[in-house]
*Asks:* 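Right, I'll just put the structure down here and ask away after.
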Amino acid sequence: MSSMEQHPEAPTELRRPGRWIALSVLVLAVLLVAIDATVLGLATPFLSEDLEPTGTQLLWIGDIYSFVIAGLLVSMGSLGDRIGRKKLLLCGATAFGAVSVLNAYATTPEMMILARALLGVAGATLMPSTLALIRNIFHDARERSLAIGIWGAMASAGAAVGPVVGGFLLQHFWWGSVFLINLPVMAVLVVVGIKLIPESKNPAPGPWDVMSVGLSLVGMFGVVYSIKELAAHGGSWPVALAGAGGAAALVWFVRRQFRLPAPLLDMRLFHHRGFSGAVLADLLTILGLSGLVFFLSQFLQLVQGRGPLEAGLAELPAAVGAVTAGLLAGTTARRFSVRSVVAGGLGAIGLSLAAVAAIHKETAYPLIGALLLVVGVGAGFAFTVTSDVILSSVPKEHAGSASAVSETAYELGAALGIALLGSVVTGVYQGFATPAGVPAATSSAAHESLGGAVEAAKTLPGQQGTALVSAAQDAFVDGLRLASAVGAAVLIATAVAAWYLLRGQELEEGIVHD
């Protein structure tokens, strides 16, 4: 484990020239991956018109990217520790750019599904590599906290900026343009990265266990798939089998790691209370947040009637709050304490979600914008500090694996949040009473989703269509309010857990000597 000493000034060799330029390139990659995860939703109607996918194919186009990323993050983090994080990052960035072209010019649904899967493989190399490289570029603990704050802010901003960028591009260009924006950024990353990013890896990594890679992929894929299917379509034997198979594979994976002399993921990292507490906080925070962000976008567009670009701009306060808090998080955690900043941030998100439980169709935007700002501030503080804790809790040779665990918690939390809170929204929504005289087929389509209700209403006479949309919107808002209340309970409970689990945890001070 690294040791620390206090110094007012960092020796020159510990403050690497060009480190901030290197960071700017790394966070650009993070920004793009985050944008890419959200931008497809806006492009889906245009893509559907062009490629004419079936309903099942459309679901796979939307989900396969996150499935593959979730399944490969741990494996790619461990691979970076072994072959070199810079090498993996540059190879992944090159592949991400090339596969983005394949996505943009896909001509069939099958080609698009394959392209999205390959993009997920490339994306899985980028996220853990960027955070692990920050651990090795910034030896000054305070500088590293600021660097992680910037990294976390860009990850948060990407999710909010995605709809804005997508809305702008789709208003002026064809749907493939949302993928082609990746090319210039990835080109800059590779060119600048070759010169300014230092290589780092585990000096004694051991072999890369292919069996563990397979178990990790099958396990995460099975669990995430079953959660999403359960939320979207309810329980079935195939979904239950996928979930059980995924859980069994993950149990096998964990048992195998304890037996291997050079494990893919060192499970002993979880013996550190600060590490485990930070990972749990990340997972449960995203669980509570993801449902809000996912369904609030629909609320802004389908209930309050905003266009895609306007809805994207309406969500920007969350990004502003996250960026601002991320930059201040390290200093604040040192002045007060790690547990007070993390628990306070989580509590702020929880209280904001509780307030969302009181909104209605006519709620004015200033209140929604203020709540999003508070959510962003809370997330910026919590995520930045937990990422710093996760990285500083492990030896630097395990930085890739630790970063991958953090990212996996994020992906799994997002899947669980949309699934669990989504099932709450869906359960309430599907119970609304259809206005008299609406044909059975139209009513069935309207009960599938709020978007389906809006489309179905177009086939009805004016007053009848308006009544159907109004009933559907009321049911959706009721579901959103209940889901927000559940999310608030999860976040407040997580804040209490973080207060105890992060007891005595501190961020490093001064210069870290290796």
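Because the structure is predicted, anything quoted here is derived from the model rather than measured.
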*Asks:* Could you give the side-chain donor-acceptor pairs of residues 93-102 under 3.5 Å, partners two or more places apart or in another chain?
*Replies:*
from	atom 1	to	atom 2	distance (Å)
Thr94	OG1	Leu90	O	2.9
Ser100	OG	Phe96	O	2.6
Ser100	OG	Asn182	ND2	2.8

*Asks:* Who passes salt bridge (charged side-chain N to carboxylate O under 4.0 Å, His left out) against Arg256, sequence neighbours left out?
*Replies:*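 Here the qualifying residues are Asp209.
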*Asks:* For Ser216 and Ser212, indicate whether the former's side chain and the latter's backbone hold a donor-acceptor pair under 3.5 Å.
*Replies:*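 Not at all, since once roles are kept as given, no pair shorter than 3.5 Å links the two residues.
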*Asks:* Asp478: which residues meet the salt bridge (charged side-chain N to carboxylate O under 4.0 Å, His left out) condition with it, sequence neighbours left out?
*Replies:*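 Testing Asp478 for salt bridge (charged side-chain N to carboxylate O under 4.0 Å, His left out), a comparison that skips the adjacent residues, returns none.
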*Asks:* Working to the nearest 0.5 Å, report the span between SG of Cys91 and CD1 of Ile83.
*Replies:*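 Result: 6.5 Å between the selected atoms.
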*Asks:* Once rounded to the nearest 0.5 Å, what's the spacing between atom CG of Leu114 and atom CG of Leu119?
*Replies:*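 If I round to the nearest 0.5 Å, the distance is 11.0 Å.
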*Asks:* For Ala488, which residues count as a side-chain contact (heavy atoms from CB on, under 4.5 Å) partner, sequence neighbours excluded?
*Replies:*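 Only Leu353, Ala354 meet the side-chain contact (heavy atoms from CB on, under 4.5 Å) criterion with Ala488.
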*Asks:* Is a side-chain donor or acceptor of Ser484 paired with a backbone partner of Leu480 at a separation under 3.5 angstrom?
*Replies:*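 Flag set: sc Ser484 to bb Leu480 pair under 3.5 Å.
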*Asks:* Counting only N and O atoms by type, is there a donor-acceptor contact under 3.5 Å from the side chain of Thr363 to the main-chain atoms of Ile359?
*Replies:*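 Looks like no, no N/O pair under 3.5 Å.
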*Asks:* How would you list, by chain and number, every residue that makes a side-chain hydrogen bond (donor to acceptor under 3.5 Å, both in side chains) with Glu110, sequence neighbours excluded?
*Replies:*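 Expected list: Gln57.
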*Asks:* What residues form a side-chain hydrogen bond (donor to acceptor under 3.5 Å, both in side chains) with Thr386, not counting sequence neighbours?
*Replies:*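 Residues passing side-chain hydrogen bond (donor to acceptor under 3.5 Å, both in side chains) with Thr386: Asp282.
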*Asks:* How many angstroms lie between CG in Leu88 and OG1 in Thr125, if you round to the nearest 0.5 Å?
*Replies:*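 Here the interatomic distance stands at 5.0 Å.
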*Asks:* Under a 3.5 Å distance rule, please check whether Arg481 uses its side chain to pair with a backbone N or O of Ala358 as donor and acceptor.
*Replies:*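 No.
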*Asks:* Using the test side-chain contact (heavy atoms from CB on, under 4.5 Å), find all partners of Thr442 that sit at least two apart in sequence or belong to another chain.
*Replies:*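 Listed in chain order: Val438, Pro439, Ala456, Thr459, Leu460, Leu468.
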*Asks:* Please name all residues satisfying side-chain hydrogen bond (donor to acceptor under 3.5 Å, both in side chains) with Gln473, sequence neighbours left out, ordered by chain then number.
*Replies:*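 Scan of Gln473 (side-chain hydrogen bond (donor to acceptor under 3.5 Å, both in side chains), adjacent residues dropped) gives none.
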*Asks:* Who passes ring-ring contact (aromatic ring centres under 6.0 Å, His included) against Tyr105, sequence neighbours left out?
*Replies:*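 Applying ring-ring contact (aromatic ring centres under 6.0 Å, His included) to Tyr105 gives Trp174.
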*Asks:* Run Ile368 and Gln304 through side-chain contact (heavy atoms from CB on, under 4.5 Å) and show every step you take.
*Replies:* CA-CA 12 Å; Ile368 296 173; Gln304 294 200 328; 4.0 Å; yes
*Asks:* Phe432: which residues meet the ring-ring contact (aromatic ring centres under 6.0 Å, His included) condition with it, sequence neighbours left out?
*Replies:*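 Partners of Phe432 under the ring-ring contact (aromatic ring centres under 6.0 Å, His included) test: Tyr429, His447.
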*Asks:* Return yes if some donor-acceptor pair links the side-chain N/O of Thr384 with the main-chain N/O of Phe381 below 3.5 Å, else return no.
*Replies:*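 Absent.
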*Asks:* Among all residues two or more places apart in sequence or in another chain, which pass the side-chain contact (heavy atoms from CB on, under 4.5 Å) test with Leu241?
*Replies:*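 Applying side-chain contact (heavy atoms from CB on, under 4.5 Å) to Leu241 gives none.
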*Asks:* List the atom pairs, with distances to 0.1 Å, where a side-chain N or O of residues 246-255 and a protein N or O form a donor-acceptor pair under 3.5 Å, not counting sequence neighbours.
*Replies:*
none

